[in-house]
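Below is one structure, written out as structure tokens; the observations come after it.
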Number of protein chains: 2
Amino acid sequence: MLSNSSKYAVKAVLFLALHSSEENKIVVKDIAAPINVPLAYIAKLLQELSKENIISSTRGPKGGFYLSDSNKEQPVINILKIIDGEKRLTSCMLSLEKCNEEKPCPLHNILSSSRQTILKSLQEKTINELALDIEKGNSFLPL
Amino acid sequence: MLSNSSKYAVKAVLFLALHSSEENKIVVKDIAAPINVPLAYIAKLLQELSKENIISSTRGPKGGFYLSDSNKEQPVINILKIIDGEKRLTSCMLSLEKCNEEKPCPLHNILSSSRQTILKSLQEKTINELALDIEKGNSFLPL
DNA sequence: TCTTAAATATGATTTTTATCATGAAATATT
DNA sequence: AATATTTCATGATAAAAATCATATTTAAGA
Ligand code: FES
Ligand code: FES
């Protein structure tokens, strides 16, 4: 479904949503440990996300990663688009090409509507909304 | 979603469902070309499927691959289980572990029901049913 | 201005997945 | 029995994804 990298990235961003702010930046070491992802690996992912303005960062002492208010209002799918690329989300389930409504593959008819629903949810849910779920105890960040 | 290998495998099996029978076996070369998959690669996949009795085969002259009637009545998901393994279908969307209903991850609540629906469809639909769809012109085997 | 703590850029290594190749075993035909 | 045709078993190579490592740049604070 999602690549390893995307899973890690979503976990990291949600962790930041919960524990960081412009005044309270977090250093990669303190992100990697609690979400149980290799430090050097998550560091690289955070860099990509930062470059694409999914998350914010400042370097130097007292620096670190954080989520600005506008960062938090982004849909979750933005993370996946950066890390996995659009193709992974929209490709046909039987071919290597894009899903084709006009010439549906045999699996299209039975799976497409569910997939659309998933896509829509990822589009609509913001980082912040997911973070609130966690705070309310409705969901949990897995190790 | 599905691995490359699974996509190829499903295409190959559906091709066999449409064009083969116990009396009309098909040689791998004549499977690879129409579904547009590298010959040596699909050959290996067909061997795995054959070993696990998803498809049938006989060797020697006049031999080839085919689908017996009981092969055709199997659910599509069997192909995926062999090629991708169970884990890919049931793992949590945020962790590397199994999806955990008791301690749902943040994506679980928004995606799980759609995913269940997909799993159920793959469980219920037989190879033969998908092949009939193609014959009726309701779907198409992609290149 | 110097030192230090952090991200950033870049790239090396390892593991997994995808692809290719080849010889051995089996079966039908002669 | 010999031969040709096919799958089957095994393993080699190539490409991609995941992981690790390090030197450079930036900013804060002394
Ligand atoms: S998923 Fe195959 S055509 Fe839509
Ligand atoms: S998908 Fe993550 S717990 Fe179910």
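Below, read A as the first sequence line, B as the second, and so on, with proteins coming before strands; counting in each chain starts at 1.
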Legend entry - Straight-line distance of Ile83(A) CD1 to Asn4(A) CG, nearest 0.5 Å: 12.0 Å
Inset, instruction - Calculate the interatomic distance between Leu45(A) atom CG and dA17(D) atom P; express it in whole Å. - result: 13 Å
Inset, instruction - Spell out protein contact along nucleotides 21-30 of chain D as letters: B when the base is contacted, S when just the sugar-phosphate is, - when no protein heavy atom is under 4.0 Å; keep the 5' to 3' order. - result: ----BBBBS-
Inset, instruction - Tell me yes or no: between the side chains of Ser3(B) and Asp84(B), is some donor less than 3.5 Å from an acceptor? - result: yes
Inset, instruction - Measure the distance from CZ on Arg88(B) to P on dA17(D) and round it to the nearest whole Å. - result: 11 Å
Inset, instruction - Please figure out whether Gly64(B) or Tyr8(A) has its closest DNA chain D nucleotide nearer the 5' end. - result: Gly64(B)
Inset, instruction - Using a strict cut-off of less than 4.0 Å between a Lys/Arg side-chain nitrogen and an Asp/Glu carboxylate oxygen, indicate whether Glu124(B) and Lys120(B) qualify as a salt bridge. - result: yes
Legend entry - Rounded distance (nearest 0.5 Å) linking atom OH of Tyr66(A) with atom OG of Ser21(A): 9.5 Å
Legend entry - Modelled atom types, side-chain donor and acceptor of Thr117(A) and Ser114(B), under 3.5 Å: no
Inset, instruction - Taking the side chain as every heavy atom from C-beta outward, state whether Pro75(B) and Lys125(B) have any atom pair closer than 4.5 Å. - result: no
Inset, instruction - Taking Lys11(A) for its side chain and Leu143(A) for its backbone only, find out whether a donor-acceptor pair lies under 3.5 Å. - result: yes
Legend entry - Rounded distance in Å - CG (Asn36(A)) to P (dT19(D)): 11 Å
Inset, instruction - Report the end-to-end axis angle of the helix from dT1(C)-dA30(D) to dT30(C)-dA1(D); each axis comes from five terminal pairs, and the value is rounded to 10°. - result: 0°
Inset, instruction - Please list, in 5' to 3' order, the outermost nucleotides of DNA chain C lying under 4.0 Å from any heavy atom of chain A. - result: dT4(C) to dA12(C)
Inset, instruction - Specify the separation, in whole Å, of atom OH of Tyr41(B) and atom C1' of dA15(D). - result: 12 Å
Inset, instruction - Decide yes or no for Tyr8(A) and Leu2(A): does some side-chain heavy atom of the first lie under 4.5 Å from some side-chain heavy atom of the second? - result: no
Legend entry - Thr58(B) (side chain) donor-acceptor with Gly63(B) (main chain) under 3.5 angstrom: no
Inset, instruction - Would you please confirm or rule out a distance under 4.0 Å between OP1 or OP2 of dC8(D) and any side-chain N or O of Ser50(B)? - result: yes
Inset, instruction - May I have the distance from Leu46(B) (atom CG) to dT6(D) (atom P), rounded to whole angstrom? - result: 15 Å
Legend entry - N/O donor-acceptor pair under 3.5 Å between Gln74(B) side chain and Asn71(B) backbone: yes
Legend entry - From Ile42(B) atom CD1 to Leu45(B) atom CG, the distance as rounded to the nearest 0.5 Å: 5.0 Å
